[in-house]
Engineer: 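Please find one structure pasted underneath; my questions will follow.
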Amino acid sequence: MKSTATRSTTRWLRTLGLTGGGLALALTGALLPSATAAPGGQTGGSWAETAYRGSVDVVAGPDEDQDTIDGVVFVDRDKDSEQDRGERGLGGVTVTNGRDVTTTDRKGRYELPAFDNMTVSVTQPRGYQVPVDDDNVAQFFYHHLPEGSPELRYGGIEPTGPLPAEVNFPLAPSTLTSSAKQHCLIGGDIQTYDQDEVEYARNGAFADLAARTDYTGCGALFIGDVVGDDLSLYPQTRELVSMLNGPARFLPGNHDLDFDAASSEHTFDTFRAKLGPEYYSYDVGKAHVVALNTVEYKSGTSYTGALDERQLEWLRNDLAEVPKNKLVVIAAHIPLLDFADESSNRHQVAQVKEIYELLEGREAIALGGHTHSIENLRAGDSLQGWSDVMGVDELPFTHITAGAISGDWYSGTVLPEGYPAALQRDGGQPGVLTLDITGTQVKERFTVRGADDSHQMALGVNTPRYREWFAAHRSAVGSAPEYTDPLVVSRADLADTTWLTTNFWMGSTGSTVTATLDGGEPVEAVRTQPMQGEAQKIGAEWSDPVAVQQQLVHGGSVAERSMHLWRVELPADLAVGTHTAEVTATDVHGREFVESLTFEVTD
């Protein structure tokens, strides 16, 4: 893919309809038309016309054997959610109680041990799709909690009573999930705290997704912090995902907790009741997606990144049923490891080394949210914190932190399009991740909210004047005076080190960034964070001036550290006048993106 969109400062101002050079520079390209159909879109009718709507078939009981749960996985050809005469059971399908894992026999039947507070779920097999409800939420599970949740502010799970006679899982044949080519939508941190923020999400990422049809087979997986502590907003989340053109699945984050639960076994009961299991798996194409709950919380304490023993046992059992020639996609809220919190054992997963051992010899990729930043970490990358705190010297496979739909918690200037700038902790703009999978090979793409896939970077200028302004106002986030004339550089600034900066949001080890000045020869930019075992580099010198000029003035996090910032030192002898830099960023897959920046040198 090659984008040749070039934008002068004047065009940025005109497009954004904003005044003030700092704002215009910070939000370059954010308002391009949204992509409507990326590669691999559906055919043969719209999702609304063709979606398989239904539910799990829970057959009334009680069952005579309250120690065992059983049922059948069947091909629901008439799509009425019940196994009718002539609808065959499907053998070899994985079913779990959240601890034990079994596969159905040739007639599609399964049997599992039963216990209180379990969730029974089916792993959607390739070539089939589980039903969705009227809000597009995938239906593949049954919760068993006879007495219901303890008293919880947001309700939890209603009493289920004794085990039913059977729990049967309907599946419909799907050419979309059988294809070796998949487009899997990953949405991080919707994290709405009130109705205003629900509308920001609706006007932003969800309006974009409503116009896309490429993810219909694999669907959308929202990886935690679905809401922001107020669990009464889950119905509004369901309303948002009803806009999608594919099935929606969720996993929990640290803001999806029942904080008033007295014991850890009930801390996600409301999430489970409204959205689905804490952890589960499903297959599309040659990919096996494992959705994990990496948030451990005990009443009266702080949450931490971890899996409990029951989930670990399930993960071992689940992966044991997955052929070695499949791609394993590990999705979590708190990432296994990440850049933003590389020295924190609370914000990374305690069992990361054990998970690596379980995945040894497999094609794998790990996804996370939580940090409100975008990170594309590749095999072989290393950081001092990973080694010192987590005992991991280097990554064995790609880890991607997917960014946040909420960006930086919906902070900053509210734009005319009906959502805030919300630039993320690393300067990335809000958006969604898509995994384009062919066989077991993955190409990742990040789509900025309100933009098309060509918009992948922000260009700026880091001068001594900017660094002085940064130092003077770093402690006053949201109340700094505007940094004026961000694209004006004095000769004195050039003599004292000025960089052209490129924040290439999905840039990684293996990416390159080059800049040509006034049509001259390309110069290779230097990555500020090489990911070779060093600690984080933090401060004005390592910051993204484009983002910081928005954040210090209008609020939010401060983009003073990043693993995807490149810079080129501008020549000290540049003539007074206007100059244009053209930057070409090439990702690890060879895709090129081109942007230009015009700046002025003065005496």
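Excluded from the calculations below are hydrogen atoms, water molecules and symmetry mates; all remaining heavy atoms, backbone and side chain alike, are included.
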Engineer: Does the distance from a Lys or Arg side-chain N to an Asp or Glu carboxylate O, for Glu199 and Arg202, drop under 4.0 Å?
Structural biologist: yes
Engineer: State which residue, out of Thr434, Asn245, Val432, fulfils the side chain to side chain contact (heavy atoms under 4.5 Å, CB included) condition with Tyr215.
Structural biologist: Asn245
Engineer: Looking only at heavy atoms, what is the nearest atom pair of Ala515 and Val583, with distance?
Structural biologist: CB-CG2, 4.1 Å
Engineer: For Phe222 and Phe206, run ring-ring contact (aromatic ring centres under 6.0 Å, His included): C-alpha distance rounded to whole Å, both residues' side-chain angles, the deciding distance at 0.1 Å, then the answer.
Structural biologist: CA-CA 12 Å; Phe222 297 96; Phe206 283 93; 5.7 Å; yes
Engineer: Which heavy atom in Asp408 sits nearest to a heavy atom in Leu423, and how many Å separate them?
Structural biologist: CB-O, 2.9 Å
Engineer: If we ignore angles and hydrogens, is there a donor and acceptor under 3.5 Å between the side chains of His347 and Asp338?
Structural biologist: no
Engineer: One thing to verify: whether Glu560 and Arg474 come together as a salt bridge, which I'm taking to mean a side-chain N less than 4.0 angstrom from a carboxylate O.
Structural biologist: yes
Engineer: I need the single residue from Arg527, Gln532, Arg378 that forms a side chain to side chain donor-acceptor pair (under 3.5 Å) with Thr509. Which is it?
Structural biologist: Arg527
Engineer: Check step by step if side-chain contact (heavy atoms from CB on, under 4.5 Å) holds for Val241 and Phe250.
Structural biologist: CA-CA 11 Å; Val241 300; Phe250 302 87; 3.8 Å; yes
Engineer: Would you say the side chains of Thr447 and Asp453 form a donor-acceptor pair under 3.5 Å?
Structural biologist: yes
Engineer: With a 4.0 Å cut-off, would you call Arg467 and Asp496 a salt bridge?
Structural biologist: no
Engineer: Taking all non-hydrogen atoms of both residues, which atom of Pro530 and which atom of Lys537 are closest, and how far apart?
Structural biologist: CD-NZ, 4.2 Å
Engineer: Quick one: side-chain hydrogen bond (donor to acceptor under 3.5 Å, both in side chains) partners of Glu534, sequence neighbours excluded?
Structural biologist: Gln529
Engineer: Closer than 3.5 angstrom, by distance alone: can the side chain of Arg445 be matched with the main-chain N or O of Asp436 as a donor-acceptor pair?
Structural biologist: no
Engineer: Check Gly427 against Ala559 and note the closest heavy-atom contact, atom names and distance.
Structural biologist: N-CB, 3.5 Å
Engineer: Taking the six-membered ring for Trp and the single ring otherwise, decide whether the centroids of Phe470 and Tyr483 are under 6.0 Å apart.
Structural biologist: no
Engineer: Give me the ring orientation class for Phe397 and Tyr356: parallel if the planes are under 30° apart, tilted from 30 to 60°, perpendicular past 60°.
Structural biologist: perpendicular
Engineer: Just by distance, no angles: are the side chains of Asp518 and His579 close enough, under 3.5 Å, to form a donor-acceptor pair?
Structural biologist: yes
Engineer: Please work out whether the ring planes of Trp409 and His372 are parallel, tilted or perpendicular, with thresholds of 30° and 60°.
Structural biologist: parallel
Engineer: More than 12 non-hydrogen atoms from neighbouring residues, nucleotides or ligands closer than 6.0 Å to CD on Glu521, yes or no?
Structural biologist: no
Engineer: Taking the basic N atoms (NZ, or NE/NH1/NH2) and the acidic carboxylate oxygens, is any pair closer than 4.0 Å for Glu541 and Arg567?
Structural biologist: yes
Engineer: Donor-acceptor pair, Thr294 side chain versus Ile334 backbone, under 3.5 Å?
Structural biologist: yes
Engineer: Whether the Thr413 and His554 side chains hold a donor-acceptor pair (N or O, under 3.5 Å, no angle test) is what I'd like checked.
Structural biologist: yes
Engineer: Hey, is the main chain of Gly460 close enough, under 3.5 Å, to the side chain of Asn503 for a donor-acceptor pair?
Structural biologist: no
Engineer: Looking only at heavy atoms, which two atoms of His564 and Trp505 are closest? And how far apart?
Structural biologist: CD2-O, 3.4 Å
Engineer: Among side-chain atoms of Trp469 and Gln549, is any donor-acceptor pair under 3.5 angstrom?
Structural biologist: no
Engineer: Give me the atom names and distance for the closest heavy-atom approach of Asp485 to Arg465.
Structural biologist: O-NH2, 2.7 Å
Engineer: Determine whether a donor-acceptor pair (N or O, by modelled atom type, separation under 3.5 Å) exists between the side chain of Gln424 and the backbone of Ala404.
Structural biologist: yes
